[in-house]
Amino acid sequence: MDYFKAFIVGGLICVIGQILIDKTKLTSGRILVAFVCVGCILGGIGLYKPLVDFAGAGATVPITGFGYNLAKGVMSEVDNAGFLGIFTGGLKSAAGGISAAVVFSFLAALIFEPKGK
């Protein structure tokens, strides 16, 4: 049942993104930023945590989960380090994902032939 819940929630997030791509003139980059901001805002006000508890990876793997992870890290670090946590918390919580994205992007660029548009 966990896989089903993850599939439904993750799929709904993707459906929202696809509708935005098809029905608006928003670029993919703007949609990406909007999803990160929505995840961050919902995480900051405590509405994304119940979704994560319900759907697991279906809510944490999409880009909205990255925003939630940033908000969660900032809130945690503010509790531990005070005001400085605003600047360090998001980076600490997302460092693994950011590092993996950079490393795997570099490896993909080495293996495949990158082309400009």
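Sequence positions, counted from 1, serve as the residue numbers for this chain. Values below: every heavy atom of this structure, side chains too, minus hydrogens, waters and symmetry copies.
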Which heavy atom of [X] sits nearest to which heavy atom of [Y], and what is that distance?
X: Ile21; Y: Ile31; result: CG1-CD1, 3.5 Å
X: Ala71; Y: Cys40; result: CB-O, 3.4 Å
X: Ala57; Y: Pro62; result: O-CD, 3.7 Å
X: Val52; Y: Thr60; result: CG1-CG2, 3.7 Å
X: Met75; Y: Gly43; result: CE-O, 3.6 Å

Say whether, by atom type as modelled, one donor and one acceptor occur between the side chain of Ser105 and the main chain of Ala101 under 3.5 angstrom.
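Yes; at least one donor-acceptor contact below 3.5 Å.
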
Would you confirm whether Asn69, through its side chain, and Ser93, through its main-chain N or O, come within 3.5 Å as a donor-acceptor pair?
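A pair under 3.5 Å: yes.
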
If hydrophobic clusters are built by linking Ile, Leu, Val, Met, Phe, Trp and Tyr wherever their side-chain heavy atoms come under 4.5 Å apart, do [X] and [Y] end up in the same one?
X: Ile16; Y: Leu26; result: yes
X: Phe66; Y: Leu47; result: yes
X: Phe7; Y: Met1; result: yes
X: Val102; Y: Ile111; result: no
X: Val74; Y: Phe35; result: no

Going from [atom1] on [X] to [atom2] on [Y], what distance comes out if it is rounded to the nearest 0.5 angstrom?
X: Leu32; Y: Leu20; atom1: CG; atom2: CG; value: 12.0 Å
X: Leu70; Y: Ile98; atom1: CG; atom2: CD1; value: 7.0 Å
X: Leu51; Y: Ile13; atom1: CG; atom2: CD1; value: 6.0 Å
X: Ile63; Y: Tyr68; atom1: CD1; atom2: OH; value: 15.5 Å

Per the side-chain contact (heavy atoms from CB on, under 4.5 Å) rule, which among Asp53, Val38, Ile41, Leu42 passes with Tyr48?
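Single pass found, and it is Leu42.
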
